[in-house]
Amino acid sequence: MKNQEYLVIDESEISCKNLPRIAEAVAQARLGMVLVMPVWQLREGLRGFAKAQIIRAIHPEIVQTLGMGEQQLQALIRRESGVFRMGPLHKTNERCFGVGISKHNPEIQETDLPQDRRWMKKAKELIDKSNCWYFPTACVFVRNGRVACEGVSTSYNHSECKKIPMSFTDLKLNDGERLIFCDSQHAEQQGVSAAAARGVSLEGTTMYLQKFPCRPCMQALIGAGVKRMVYEIGSYGLPDLPLLLKNGIEVQKLTRQV
């Protein structure tokens with residue numbers, strides 16, 4: 001182990017955009033490399049743990065994941081500590097749960113109107129246009145029976161996320177960690193941005209989307225003047241439903257998925 005080489009990757013550096021650079025580093029290094037990350041990031045449910053799984057899926061040469069203290073890691077990154085001796089493989093059964101996330105969904109009205117089902121189907125047909133891997137989504141903004149604008153979750157870093165050889169469902173992230181795991185723009189915000197760029201008002205529109213939005217997307221919808229929202233499945237954002245209701249947005253859930 002004296003000549004062991006280590007690929008030192010901080011969690012923040014593991015992104016779709018950087019995967020080619022990481023692959024090149026793996027190709028140039030010796031076998032038996034170790035993915036070194038701060039201990040706290042390796043707990044199951046955190047994005048560091050999830051990103052470590054992605055790296056291992058792409059680069060099987062990385063045979064271990066080693067947890068280190070933050071100061072020790074930074075010293076290794078700055079090459080101030082010389083050759084680092086491998087310690088025991090970091091394992092933990094500890095699971096970090098989201099803080100302040102209610103497990104009780106608020107009372108929500110339901111809808112089964114034919115037009116709502118038709119527009120939801122239209123929104124879901126747009127999902128294939130997304131270049132996202134983690135959870136591709138899409139939405140449509142409708143006014144007077146016509147589409148005012150569309151939105152799909154979009155990565156602007158020209159990544160090739162869909163080439164990752166594993167399913168996003170394997171990444172058991174805690175509630176809230178999803179928000180900062182992926183740097184793609186959510187479909188709702190992408191739609192609001194696209195409308196602004198084209199000079200299209202979303203005032204008074206009804207928005208259809210598959211998954212209940214997160215809080216930042218809710219704020220964008222409120223600011224855009226959306227009047228009604230129809231969704232199909234819930235999410236960790238449901239406890240923030242009162243934010244929409246108090247700002248005059250009617251929220252309804254489809255009784256059956258299309």
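Reckoned from all heavy atoms, side chains included, excluding hydrogens, waters and symmetry mates. Values in this document were obtained by computation on a predicted structure and should not be read as measured data.
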[X] side chain to [Y] main-chain N or O, any donor-acceptor pair under 3.5 Å?
| X | Y | value |
| --- | --- | --- |
| Arg117 | Arg256 | yes |
| Arg228 | Gln252 | no |
| Lys121 | Val258 | no |
| Asp112 | Thr255 | no |
| Glu110 | Lys253 | no |
| Ser193 | Gly191 | no |
| Trp133 | Met166 | yes |
| Ser235 | Phe212 | yes |

Can Lys211 be said to sit on top of Phe135's aromatic six-ring, NZ or CZ under 6.0 Å from centre and within 45° of the ring axis?
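Judged by the rule (NZ or CZ under 6.0 Å from the ring centre, within 45° of its axis), Lys211 counts as positioned above Phe135.
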
Side chains of [X] and [Y]: does their closest heavy-atom pair fall under 4.5 Å?
| X | Y | result |
| --- | --- | --- |
| Asn144 | Arg146 | no |
| Glu250 | Gln109 | yes |
| Leu46 | Leu173 | no |
| Lys122 | Arg118 | no |
| His186 | Cys214 | yes |
| Phe141 | Val192 | yes |
| Tyr208 | Leu254 | no |

Flag yes if [X] and [Y] sit in one hydrophobic cluster, no otherwise; membership is Ile, Leu, Val, Met, Phe, Trp, Tyr, and two members link when side-chain heavy atoms are under 4.5 Å apart.
| X | Y | answer |
| --- | --- | --- |
| Leu238 | Val226 | yes |
| Leu126 | Val147 | yes |
| Ile108 | Leu243 | yes |
| Ile249 | Val230 | no |
| Leu245 | Ile222 | yes |

With Met229, which of Met207, Glu188, Met218 fulfils side-chain contact (heavy atoms from CB on, under 4.5 Å)?
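Considering Met207, Glu188, Met218, a side-chain contact (heavy atoms from CB on, under 4.5 Å) with Met229 is found only for Met207.
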
State which residue, out of Leu221, Leu209, Ile127, fulfils the side-chain contact (heavy atoms from CB on, under 4.5 Å) condition with Cys139.
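Checked Leu221, Leu209, Ile127 against Cys139; only one passes side-chain contact (heavy atoms from CB on, under 4.5 Å): Leu209.
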
Quiz question: by atom type and distance under 3.5 Å, do the side chains of [X] and [Y] form a donor-acceptor pair?
| X | Y | result |
| --- | --- | --- |
| Ser130 | Ser153 | yes |
| Tyr156 | Gln185 | yes |
| Thr111 | Asp116 | yes |

If you compare all heavy atoms of Ala123 against all heavy atoms of Ala138, which two are closest, and at what distance to 0.1 Å?
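Smallest interatomic distance, heavy atoms only, reads O-CB, 3.3 Å.
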
Work out which heavy atom in Glu150 is nearest to a heavy atom in Lys129; give both atom names and the distance.
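Shortest heavy-atom separation between Glu150 and Lys129 comes out as OE1-NZ, 4.3 Å.
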
So, taking the atom named OG1 in Thr137 and the one named CD in Gln190, what distance separates them when rounded to the nearest 0.5 Å?
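Atom-to-atom, Thr137:OG1 and Gln190:CD are 9.5 Å apart.
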
side-chain contact (heavy atoms from CB on, under 4.5 Å) for Phe49 and Leu171? Distances and angles first, verdict last.
CA-CA 8 Å; Phe49 182 89; Leu171 306 178; over 6 Å; no

Would Arg143 and Glu203 pass as an ion pair if we require N to O under 4.0 Å?
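Salt bridge flag = no for Glu203 with Arg143.
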
